[in-house]
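First comes the structure, then the notes that go with it.
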Number of protein chains: 2
Amino acid sequence: MLTTERHSLILEQLTKYKNLTIKDIIELTYASESTIRRDLTELEAQDKLVRIHGGATLPKRKLQEFSIKEKSTKNLHEKVQIAQYAVSLLNKGDCIFLDAGTTTMQMIPFLKDKEVVVVTNGLTHVEALMNYGIPTYVTGGYIKTKTGALIGAQTIQSISNYRFDKSFLGVNGFHKQFGYTTPDPEEASTKRQASAYALETFMLADQTKRNNVSFAKIADISDAALITCHLSEEAYKIFSDLTTVKVANQ
Amino acid sequence: MLTTERHSLILEQLTKYKNLTIKDIIELTYASESTIRRDLTELEAQDKLVRIHGGATLPKRKLQEFSIKEKSTKNLHEKVQIAQYAVSLLNKGDCIFLDAGTTTMQMIPFLKDKEVVVVTNGLTHVEALMNYGIPTYVTGGYIKTKTGALIGAQTIQSISNYRFDKSFLGVNGFHKQFGYTTPDPEEASTKRQASAYALETFMLADQTKRNNVSFAKIADISDAALITCHLSEEAYKIFSDLTTVKVANQ
DNA sequence: TCATATTCGTTCATTTTTGTTCAAAATCAT
DNA sequence: ATGATTTTGAACAAAAATGAACGAATATGA
């Protein structure tokens with residue numbers, strides 16, 4: 001069977017059943033597991049499907065993308081720990097900036113008793129904040145449909161209208177030399193601005209982000225405090241030389 | 001069974017029965033208790049459900065509640081007519097402001113083919129606009145929890161960063177002498193600003209709003225075009241002396 | 001209030017899935 | 001046919017998901 005035949009067969013069955021296991025596909029094509037894996041990798045690169053643990057599924061189009069947050073909540077437990085620790089740093093009456101993203105999202109349930117005022121650029125956060133009855137301001141801006149984050153010049157301008165006691169930002173990587181980074185330059189600018197208008201900035205990152213370097217730089221390590229999890233003693237030494245490092249639940 | 005399959009199965013059943021016990025889910029999925037617990041934890045982190053002792057239930061979604069309320073709203077048919085008529089006034093490529101509120105909400109389904117860019121201060125509108133794939137900007141501001149509308153100084157400032165071809169505003173009353181009015185002065189200011197930054201302004205109001213006078217004045221009748229429904233000939237004469245009046249579907 | 005029964009979160013071992021490497025087979029160009 | 005390139009399948013270590021066990025927390029009913 002030709003490679004392209006396999007590919008179209010996979011996609012055909014996928015549109016029919018919405019998701020397939022690797023085993024399904026093996027039975028379907030009589031190819032080996034390795035080959036199927038390669039197929040899936042390739043088809044995913046072409047945006048024709050999305051790989052999931054155990055198989056593949058159809059990519060989410062416009063619909064639902066936003067309301068159903070498809071971000072698989074990986075390292076959830078760590079994120080919750082980090083979030084909880086971050087909240088413990090708050091004082092009554094603080095005005096804070098809450099960045100869009102899954103880690104900062106986990107802070108919201110703990111905010112209830114803190115009597116803070118929140119400014120956020122995450123549309124996904126808005127609903128949760130409302131449900132907890134937390135006074136909330138939204139930055140303006142263009143909606144990035146993939147993540148429900150507000151970005152662009154308007155967002156940056158909006159932020160400049162506030163002053164924050166503390167900013168809590170999510171990052172995609174932190175690295176001794178290359179600093180805090182994130183894939184989207186637009187988001188990086190937004191984060192930078194939120195940091196500039198805050199007395200203190202906290203970068204939230206689980207351990208998988210260590211030594212990651214993404215495309216767009218947000219700031220140097222020394223420009224913000226780092227809140228993370230499970231840092232080796234060696235790594236702790238490296239980063240705490242440069243900035244305040246808080247390790248949530250050791 | 002794939003993890004995502006289980007997840008969507010759980011959510012599907014949950015929307016059907018409003019709440020489920022862990023046992024229900026085990027019978028449904030043939031997975032172990034541990035696995036189900038993990039699923040629930042993850043789905044809760046994504047705000048898709050709320051865990052309760054013994055199972056899970058649907059989260060209370062304020063924004064969604066608003067949307068549902070809007071659907072069961074009064075004079076829906078009139079509002080749809082008015083909205084549809086309003087959309088018919090649009091040209092390809094127009095940049096428009098869409099005010100928060102039930103009547104303007106009805107415009108969204110018809111916008112799909114118009115290739116417009118939308119700026120809105122209604123959080124309830126955002127999800128709908130995204131679902132229809134319409135490029136959307138959100139104004140900044142404070143969230144009025146009752147209605148999901150953005151208001152306040154930041155909203156007004158946000159609006160000044162745009163220029164609209166057309167603004168579509170909802171009003172609570174229109175009156176020959178007292179003009180267009182709405183109960184909340186903050187919202188009135190927002191509407192006034194949206195009108196000021198638009199080449200043309202359209203006030204959308206069903207017939208029950210005629211001769212209503214609310215607390216806060218938005219503008220004089222002559223300051224904006226009026227789109228309404230079922231106007232008596234006498235009333236039509238009165239208002240069309242002052243401004244452009246469009247009667248949707250007579 | 002207390003005792004009992006569920007349910008919950010956590011930990012750990014097991015199973016499954018994944019990415020990578022490497023050699024064999026197939027395909028291609030000359 | 002020969003050598004070069006690509007595709008394939010197998011092996012294996014790393015990562016992720018799963019299920020069972022168990023003490024802690026919570027609900028239930030007397």
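None of these values were measured; they are calculated from a predicted model. In what follows, chains are A, B, ... by sequence order, proteins preceding strands, each numbered from 1.
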Rounding to an integer number of Å, can you tell me how far Glu44(A) CD sits from dG19(C) P? 9 Å
Rounded to whole Å, the CG-P distance (Leu40(B) to dT18(D)) equals 13 Å
Interatomic distance, Arg6(B) CZ vs dG19(D) C1' [rounded to whole Å]: 12 Å
Atom CG of Asp39(A) to atom P of dG19(C): distance rounded to whole Å? 13 Å
Side-chain N or O of Thr208(A) closer than 4.0 Å to phosphate OP1/OP2 of dA15(D): no
Return yes if some donor-acceptor pair links the side-chain N/O of Arg210(A) with the main-chain N/O of Ala205(A) below 3.5 Å, else return no. no
Given axes from five pairs at either end, by how many degrees does the helix from dT1(C)-dA30(D) to dT30(C)-dA1(D) bend, rounded to 10°? 40°
So, does Asp24(B) use its side chain to make a donor-acceptor pair with the main chain of Thr21(B) at under 3.5 Å? yes
Tell me whether Lys176(A) is salt-bridged to Asp241(A), with the criterion being a basic N under 4.0 Å from an acidic carboxylate O. no
Say whether, by atom type as modelled, one donor and one acceptor occur between the side chain of Thr124(A) and the main chain of Gly148(A) under 3.5 angstrom. no
Atom CD of residue position Gln46(A) - does it have more than 12 heavy atoms of other residues, nucleotides or ligands inside 6.0 Å? yes
Round to a whole Å and report the spacing from CE of Met1(B) to P of dG19(D). 11 Å
How close or far is atom C1' of dT18(C) from atom CD1 of Ile26(A), stated in whole angstroms? 13 Å
Reading nucleotides 5-14 of chain C from the 5' end, what letters show protein touch, with B for base, S for backbone sugar-phosphate only, - for no heavy atom under 4.0 Å? --SBB-----
Test of ring centre spacing under 6.0 Å for Tyr137(A) and Tyr162(A): yes
Is there a side-chain contact between Thr35(B) and the phosphate of dG19(D), meaning an N or O under 4.0 Å from OP1 or OP2? yes
Distance in angstrom units between Asp24(A) CG and dT17(C) P, rounded: 11 Å
Does one side chain, of Thr155(A) or Ser158(A), offer a donor that lies under 3.5 Å from an acceptor on the other? no
Would Asp94(A) and Lys114(A) pass as an ion pair if we require N to O under 4.0 Å? no
Whole angstrom value for the distance that separates P of dT17(C) from CD of Glu5(B): 13 Å
Would you check if Pro59(B) and Lys48(B) make a side-chain contact, meaning some heavy-atom pair closer than 4.5 Å? no
